[in-house]
Amino acid sequence: MRWSKLFTPTLRDAPNDAVAPSHQLLVRGGFIRQLHAGHYSMLPLGWRVHQKVANIVRQEIEAIGGQEFLLPTMHPAELWKKSGRWDTMGEIMFRLEDRKGADNALGITHEEIFATVAAELSSYKQLPQIWYHIQTKFRDEARPKSGLLRVREFHMKDSYSFDVDDAGLDVSFDLHDTAYRRIFERLGIPAFAVQASSGAMGGNDSVEFMTPSDAGEDDVIRCPNCDYSANIEKATARLDIIDDESGPSQPERFDTPGVRTIKALEEFDGGAPADRQLKTMVMVLDGRITLAVVRGDHQLNTQKLVDATGAIEIRPAEADETLAALGAQPGSLGAVGVADHPVIVDEALQGRTNMTTGANIDDVHYRGVSVDRDLVVAQWADLREVEAGEPCIRCGAALGVVRCIEVGHIFKLGREYAEVFGATVSTPDGGEEPIVMGSYGIGIGRNMAAVVEAHHDDKGIVWPVSVTPFEAVITLMRTDEETMAAGDKLYGELKAAGVDVLLDDRDARAGVKFADAELIGIPYRLTVGPRGLRDGKVEFTTRSTGETTDVVIQAAAASVWEAVTAAR
RNA sequence: CGGGUUGUGGCGCAGGUUGGUAGCGCGCCUCGUUCGGGACGAGGAGGUCGGGAGUUCAAAUCUCCCCAACCCGACCA
């Protein structure tokens with residue numbers, strides 16, 4: 001490709017609304033342009049990278065036996081109603097009516113559709129199967145952000161495994177686990193696996209692949225000592241056992257004028273330290289008032305509450321709902337004796353006695369509360385959010401929190417979809433069993449952005465050779481006949497050698513060309529100018545190190561080829 | 001969906017409180033001089049000031065409504 005013909009509108013300044021480095025650099029480098037919130041146009045350079053990322057994913061999924069499909073992205077509502085997700089998916093799904101008035105959905109994922117196709121599987125002899133496609137997904141995200149990191153329209157590689165039994169699923173799952181590790185390795189993304197909540201997608205055994213980045217949206221708990229790591233929505237930690245005094249035989253009311261917070265109650269004369277208090281969070285789960293109780297110094301993690309209850313919609317109660325339900329304002333709330341709303345209690349409170357909590361009367365609290373005795377516990381669950389510094393559940397070392405981008409997610413679906421969509425196979429003993437499925441996703445554009453997050457400097461992007469839009473750029477210092485001829489010759493040699501090469505034949509100043517080449521992140525550069533040509537030499541520069549050496553022109557193409565093939 | 005911010009040529013911004021008919025830098029076009037790290041000079045093109053309504057002789061500027069984008073939270077590859 002000749003740069004003079006290439007459409008890559010580079011910008012000296014990043015648009016003001018771009019904050020994440022990958023967002024700024026992809027826009028500045030002319031890789032992408034925003035159409036509207038969460039929808040980006042891939043410009044030629046961006047599309048080249050996108051395709052290289054997709055191809056790496058494709059190769060690794062093929063390597064574990066995956067077969068590529070292409071399923072539609074617009075689906076009849078019927079399929080989603082069948083699985084129940086027409087209702088449970090809520091607002092994340094784009095829905096539209098066709099001219100006949102029939103409901104349609106734009107696919108947020110493809111379990112329903114692959115399961116429908118899988119209904120044609122008939123015998124255990126055909127299993128296992130791994131099916132995948134790389135297809136557009138639409139998600140009406142509440143908040144698209146950070147360029148390609150969180151969008152409403154994106155390409156995802158989603159694969160689905162089909163096995164006769166759980167043991168088979170384990171194998172398919174592990175195959176994906178290793179394939180994913182290879183993918184991130186090849187993309188140059190430093191990713192690691194964490195235990196995760198499977199959220200709205202259903203299923204159990206859920207593993208996310210994370211890469212540390214300030215631009216990310218997930219907090220991950222990591223142990224510095226052992227290999228424990230988990231999404232904060234799932235993470236647990238060891239807790240010191242607290243010895244309570246047994247306390248009175250029943251809770252005692254006491255007046256607490258003006259006390260509205262845990263902290264205020266700690267300082268109040270006759271109050272209690274936060275770890276001897278109960279914190280009562282009033283939540284609305286699918287329209288139903290529910291109390292979530294955690295220790296005073298603990299934080300409720302709402303995803304844990306969702307996982308524990310299977311709720312679809314969850315929100316904190318409004319002040320008036322709280323008043324109507326409990327008869328008091330926040331600050332004096334408690335769960336003692338509450339029987340007409342479900343009370344879900346964090347496991348850390350099991351067996352605790354002599355605790356202090358709100359009495360559901362403004363400015364009044366209880367002390368001497370025994371959790372088991374005084375609360376009508378509908379459910380015990382792990383609700384509390386782990387904090388940095390707490391002891392690792394496995395080894396006791398102080399846990400750390402890292403902000404991460406989720407670059408991949410694999411999880412075991414089980415038999416649910418197969419049952420709903422009639423994907424069953426006959427078994428060796430003549431019976432018939434639903435297929436066991438797994439589901440595995442990687443967002444292509446997101447990974448492209450994640451690569452940039454991991455590989456950039458103050459001059460621009462530093463693409464790994466594996467996904468770079470061009471592997472080498474030949475920068476012509478002048479456009480006179482002699483320089484042009486030398487550049488053309490190198491260009492021809494590199495093309496013939498199978499190197500993706502860009503010839504910067506623009507009539508521009510050296511500084512502009514250098515800056516552009518660095519901005520768009522081409523790994524290797526040959527600089528051709530009259531100065532070197534006099535001695536029959538060109539310069540060879542490596543983007544990542546900035547290292548420059550003179551090479552004789554006859555050997556230049558070979559040097560690039562060697563560097564590129566070594567890094568591919 | 002809650003909280004915050006911002007909408008003025010392609011990008012970055014000024015102007016707005018004190019209404020008077022739009023300006024700067026970069027980029028773009030032409031010519032010339034330059035030419036190894038974002039050149040200089042001269043000339044030029046490009047904007048319904050997010051949209052609508054209102055106030056006014058007059059609105060980028062004041063008022064109301066709407067829309068969009070971005071950032072922080074709740075949600076996901």
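Residue numbers begin at 1 in each chain, while the letters A, B, ... track the order of the sequences.
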For [N], the Watson-Crick or wobble partner whose two distances fall under 3.5 Å:
N	result
B/U33	B/A39
B/C75	none
B/U6	B/A68
B/C28	B/G44
B/U55	none

Salt bridge present between [X] and [Y] (N-O < 4.0 angstrom):
X	Y	answer
A/D457	A/K459	no
A/R152	A/E141	no
A/D219	A/R403	yes

Starting the side chain at C-beta, find the nucleotide from [options] nearest to [X].
X	options	answer
A/F154	B/C71, B/C76, B/A77	B/A77
A/Q303	B/C1, B/C76, B/C71	B/C76
A/Y40	B/G37, B/C70, B/C75	B/C70

What integer number of Å spans the [atom1] atoms of [N] and [M]?
N	M	atom1	answer
B/G7	B/G51	C1'	11 Å
B/G16	B/U6	P	15 Å
B/C72	B/G46	C1'	37 Å
B/A60	B/U8	P	15 Å
B/G9	B/A14	P	13 Å

Subject >> Side-chain N,O (A/Q34) to OP1/OP2 (B/C70) below 4.0 Å >> reply: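 Answer is yes, contact under 4.0 Å.
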
Polar atoms only, N or O, under 3.5 Å: list the protein pairs with nucleotides 32-36 of chain B and their distances.
unit_1, atom_1, unit_2, atom_2, d
B/U34, O2, A/R509, NH2, 2.8
B/C35, O4', A/R509, NH2, 3.3
B/C35, O2', A/R478, NH1, 3.2
B/G36, O2', A/R531, NH1, 3.0
B/G36, O6, A/G532, N, 3.4
B/G36, N1, A/E539, OE2, 2.9
B/G36, N2, A/E539, OE1, 2.3
B/G36, N2, A/E539, OE2, 2.4

Subject >> 5' precedence on RNA chain B between A/L148 and A/H36 (nearest-nucleotide basis) >> reply: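 It is A/H36, whose closest nucleotide lies nearer the 5' terminus.
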
Subject >> RNA chain B: 5'-proximal contact among A/K145 and A/N447 (nearest heavy atom) >> reply: A/K145

Looking at [Y], does the NZ or CZ of [X] lie under 6.0 angstrom from its six-membered ring centre and within 45 degrees of the ring axis?
X	Y	result
A/R48	A/F470	yes
A/R85	A/Y417	no
A/R95	A/W86	yes

Below 3.5 Å, does any donor atom in the side chain of [X] face an acceptor in the base of [N], or the other way round?
X	N	value
A/E217	B/G73	no
A/R143	B/G4	no
A/R152	B/C76	no

**OP:** Would you mind reading off the distance between A/I410 atom CD1 and B/C76 atom P, rounded to a whole angstrom?
**Re:**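 Those two atoms, CD1 and P, are 18 Å apart.
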
Subject >> Close side-chain approach of A/F31 and A/L148, heavy atoms under 4.5 Å >> reply: no

Pairwise N/O distances under 3.5 Å, protein to nucleotides 47-51 of chain B:
none

Original post:
Can you name the nearest heavy-atom pair linking A/A292 to A/L305, along with the distance?
Top reply: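 For A/A292 versus A/L305, the nearest heavy atoms are CB-CD2, 4.2 Å.
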
Original post:
Which atoms form the tightest heavy-atom contact between A/E385 and A/N301, and what is the distance?
Top reply: OE1-ND2, 2.8 Å

Polar atom pairs between nucleotides 10-14 of chain B and protein, under 3.5 Å, N or O only, would you list them?
unit_1, atom_1, unit_2, atom_2, d
B/C11, O2', A/D13, O, 3.3
B/G12, OP1, A/N16, N, 2.5
B/C13, OP1, A/N16, ND2, 3.4

Original post:
Quick one: CZ on A/R506 to OG on A/S4, what's the gap to the nearest 0.5 Å?
Top reply: 9.0 Å

Subject >> A/Q67, CD: over 12 other non-hydrogen atoms inside 6.0 angstrom >> reply: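 Counting other residues, nucleotides and ligands, CD of A/Q67 exceeds 12 neighbours.
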
